[in-house]
Q: 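Can you keep this structure in mind? I'll have questions shortly.
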Number of protein chains: 2
Amino acid sequence: MTGTATSDTRVRLIDAAADLIAAAPGEDFSLRAVCDAVGVKMPTLYHFFGSKQGLIDAVVERGFDLYLGEKAAMESSGDPIQDIRAGWDAHVAFGLANPGFYTLMYGKVRPGYSPAAQSRPSEILLALTTRAADQGRLVVAPEQAAAHVLVTNVGVTLRQIVLAAADPELSAAVREGTIAAITGTGAQPRNPLAAAVEIAAAHPDVLGRAETQLLVEWLTKLGEQSPAAPTA
Amino acid sequence: MTGTATSDTRVRLIDAAADLIAAAPGEDFSLRAVCDAVGVKMPTLYHFFGSKQGLIDAVVERGFDLYLGEKAAMESSGDPIQDIRAGWDAHVAFGLANPGFYTLMYGKVRPGYSPAAQSRPSEILLALTTRAADQGRLVVAPEQAAAHVLVTNVGVTLRQIVLAAADPELSAAVREGTIAAITGTGAQPRNPLAAAVEIAAAHPDVLGRAETQLLVEWLTKLGEQSPAAPTA
DNA sequence: TTACCGGATGTAGCAGTGCTATATGAATCA
DNA sequence: TGATTCATATAGCACTGCTACATCCGGTAA
């Protein structure tokens, strides 16, 4: 508790574990290897963390500290949507730079449990979407918008980690697609016939399936043969 | 090779492993537990699969077989975008129904490696985006569109698995956001349905008088009852 | 028939794992 | 000083993935 030299061993154990995890992200690691790296025996580790999961939790906590530290260093642009963009990119960058930490923080897929510390950045995101909603710039509830952003942001980050290759183009595309979805600001205005096709296809229950299919067929034919509506 | 009763043990081992994995998705499982369930000793398992990873690979392969089996049972609507929607929902449904299989298929985050069988459904998706692109309905390359859909689809599925709760609203929101992003059909400054009505009415010769009239009727109904029809 | 051979399975045991009961040194405090 | 508490070590348990070796059993060839 006092943070004197006694807790130094604890910190060194966490660091050693983080190093081992970073050396093989997603893989398992040995507690004995951690202890050897620190020059200590297993009961010492168990004295501090109680279990392997306890050590992992401590590493995860440290990961979120690191992540939030970077996040805190960013200054707000004043525009919540712009801040969401910056937060998105920071999230992806952190994941690619620290795949060991990131896979523990967001990459463990065990039904029913996710690290409690996930709520910390999630609340920051929710604050941003709430501000955006207050400014009337969202077409969905701030909670839904935050969930939407989180899901796609994590998804695109994990994908880049498993592919072992940064894909800024994909990240940007998904980011803008997500922002467009929650703000309702689509891309450029485009062929209204094509847009009508999408609307009809998105709601096949309104007209019925057969009618919708025929409608789509007609609209497509209209788009091909009508000089007023060139297909882009 | 002959597929006689000899290979029955192999299949039963895979089934037993799949059951154990399904019982604790994302968790590790013991080879001895698999052997006990089948009533066989470890060397038998190693005779067939060579290693634990070999068994896991076989289970993953079986998972993709199952998934593609369900996918093959779906009939195409004729509209590639609509097929992408159906494929999206099928993907999420499979993941939620088979979290054990799914976490092995798409939930393992190890940099540099992902199951080779992932390419099978990916190619189906790419075929759909390619068809959509041929119809001039995409604003990005088919490969990028497929990557975008895959990333968000997997992301939203994994999220629902870790939350241990289906969230059809979130899935639909991300799905439509993704489709809007690749088709370029976001919210329009002007109602595209109304614009489509004008175009159709201006070219009654393309479809014929009766069809055009019916088309206009449908588009109007769609505009009245579709909640996604942009109003602002 | 007899001998053989290869695939399938069992016995026994390796090294390594997470974890723990117990003990010892050192520091703190009454 | 004596007592208590924290940090660390020794030793070992139960379990893991994995494997060298031996055994059975069915088909094939002489």
Side-chain angles (χ1 to χ4, degrees), chain A residues 1-62 100 103-104 107-108 110 113 115, chain B residues 1-62 100 103-104 107-108 110 113 115:
Chain A
M1 301 297 188
T2 54
T4 67
T6 52
S7 67
D8 180 56
T9 302
R10 191 190 131 92
V11 172
R12 280 169 51 209
L13 282 169
I14 296 179
D15 285 344
D19 287 346
L20 283 180
I21 293 170
E27 301 285 337
D28 206 1
F29 68 97
S30 155
L31 294 186
R32 282 181 169 89
V34 175
C35 291
D36 288 352
V38 178
V40 126
K41 301 298 176 183
M42 296 214 50
T44 301
L45 191 155
Y46 273 83
H47 166 71
F48 285 114
F49 303 102
S51 71
K52 184 174 192 177
Q53 190 56 49
L55 173 59
I56 293 177
D57 291 346
V59 173
V60 168
E61 206 72 24
R62 187 182 208 66
T103 50
L104 286 186
K108 287 297 167 199
R110 282 199 320 246
Y113 182 72
Chain B
M1 301 290 200
T2 54
T4 67
T6 50
S7 67
D8 180 55
T9 302
R10 190 190 132 93
V11 172
R12 282 168 52 208
L13 282 169
I14 297 179
D15 285 345
D19 286 347
L20 283 179
I21 293 169
E27 302 285 339
D28 205 1
F29 68 97
S30 156
L31 294 187
R32 281 182 169 90
V34 175
C35 291
D36 286 352
V38 177
V40 124
K41 302 298 177 182
M42 298 215 48
T44 300
L45 191 153
Y46 274 83
H47 166 69
F48 284 113
F49 303 102
S51 71
K52 182 172 192 177
Q53 189 56 49
L55 173 59
I56 293 177
D57 290 346
V59 173
V60 168
E61 206 72 23
R62 186 178 208 67
T103 51
L104 287 186
K108 287 297 167 199
R110 281 199 321 246
Y113 181 72

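Letters A, B, ... are given to chains in the order of the sequence lines, protein chains preceding strands, and every chain is numbered from 1.
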Q: Within this structure, what is the CD1-OG1 distance for the pair A:I14 and A:T9, rounded to the nearest 0.5 Å?
A: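 Reported value, rounded in 0.5 Å steps: 11.5 Å.
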Q: For residues 39-50 of chain A, which residue pairs qualify under side-chain hydrogen bond (donor to acceptor under 3.5 Å, both in side chains), counting only residues two or more places apart or in two chains?
A: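 Found none.
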Q: Residues two or more places apart in sequence or in another chain: which of them pass side-chain contact (heavy atoms from CB on, under 4.5 Å) with B:I21?
A: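 With sequence neighbours excluded, B:I21 shows a side-chain contact (heavy atoms from CB on, under 4.5 Å) to B:F29, B:V59, B:L104, given in chain and number order.
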Q: Is the distance from OP1 or OP2 of C:dC19 to the nearest side-chain N or O of A:Y46 less than 4.0 Å?
A: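 For C:dC19, OP1 or OP2 has a side-chain N or O of A:Y46 closer than 4.0 Å.
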Q: Using a cut-off of less than 4.0 Å, is there contact between a side-chain N or O of B:K52 and OP1 or OP2 of D:dG17?
A: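 Looking at the OP1 and OP2 atoms of D:dG17, one of them is under 4.0 Å from a side-chain N or O of B:K52.
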Q: Which parts of nucleotides 20-27 of chain D does protein reach within less than 4.0 Å, heavy atoms only, written one letter per nucleotide 5' to 3' as B for base, S for sugar-phosphate only and - for none?
A: B-------
Q: Kindly write out the residues that satisfy side-chain hydrogen bond (donor to acceptor under 3.5 Å, both in side chains) with B:K52, not counting sequence neighbours, or none if the list is empty.
A: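 In terms of side-chain hydrogen bond (donor to acceptor under 3.5 Å, both in side chains), with neighbours along the sequence ignored, B:K52 is linked to B:D28.
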Q: Looking at every heavy atom in both A:K108 and A:G26, which two are closest together, and how far apart are they?
A: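 Smallest interatomic distance, heavy atoms only, reads NZ-O, 4.1 Å.
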Q: Need the bend value for the helix from C:dT1-D:dA30 to C:dA30-D:dT1: angle between end axes, 5 pairs each end, nearest 10°.
A: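 Here the local axes at opposite ends form an angle of 10°.
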Q: Considering just the side-chain nitrogens and oxygens of A:T44, establish if one lies under 4.0 Å of OP1 or OP2 belonging to D:dA9.
A: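 True: A:T44 side-chain N/O within range (under 4.0 Å) of D:dA9 OP1/OP2.
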Q: Just verifying a value: how many Å separate A:D57 CG and A:F49 CZ, rounded to the nearest 0.5 Å?
A: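 If I round to the nearest 0.5 Å, the distance is 10.5 Å.
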Q: Under the side-chain hydrogen bond (donor to acceptor under 3.5 Å, both in side chains) test, which residues partner A:D15, sequence neighbours left out?
A: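 Expected list: A:R62.
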Q: Give a yes/no on whether any side-chain N or O of A:H47 is located under 4.0 angstrom from OP1 or OP2 of D:dA7.
A: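 Answer is yes, contact under 4.0 Å.
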Q: Among residues at least two apart in sequence or on other chains, which ones pass side-chain contact (heavy atoms from CB on, under 4.5 Å) with A:A33?
A: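 Testing A:A33 for side-chain contact (heavy atoms from CB on, under 4.5 Å), a comparison that skips the adjacent residues, returns A:L20, A:S30.
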Q: Starting at CG of A:L45 and ending at P of C:dT17, how long is that distance when rounded to a whole Å?
A: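 From A:L45 CG to C:dT17 P: 13 Å.
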Q: Round to a whole Å and report the spacing from CE of B:M42 to C1' of C:dA8.
A: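 Taking atom C1' of C:dA8 as the reference, CE of B:M42 is at 16 Å.
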Q: Give a yes/no answer on whether the side chain of B:T9 brings an N or O atom under 4.0 Å of OP1 or OP2 in C:dT9.
A: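 Yes, within the criterion.
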Q: In residues 15-39 of chain B, what residues come within less than 4.0 Å of DNA chain D, judged by heavy atoms?
A: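 Going residue by residue through residues 15-39 of chain B, the ones with a heavy atom under 4.0 Å of DNA chain D turn out to be B:F29, B:S30, B:L31, B:R32.
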Q: Rounded to the nearest angstrom, tell me the gap between atom CG in B:D8 and atom C1' in C:dA8.
A: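 Roughly 13 Å, once rounded to whole Å.
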Q: Under the side-chain hydrogen bond (donor to acceptor under 3.5 Å, both in side chains) rule, collect the residues that match up with B:R110, sequence neighbours excluded.
A: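 Here the qualifying residues are A:E27.
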Q: Using whole Å, report how far CG of A:L55 lies from P of C:dC19.
A: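 These atoms are roughly 10 Å apart.
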Q: B:R32: what forms a salt bridge (Lys or Arg N to Asp or Glu O under 4.0 Å) with it, not counting sequence neighbours?
A: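 Result, salt bridge (Lys or Arg N to Asp or Glu O under 4.0 Å) vs B:R32: none returned.
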Q: Ignoring hydrogens, what is the shortest heavy-atom contact between A:L13 and A:L55? Give both atom names and the distance.
A: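 Shortest heavy-atom contact: O-CD1, 4.3 Å.
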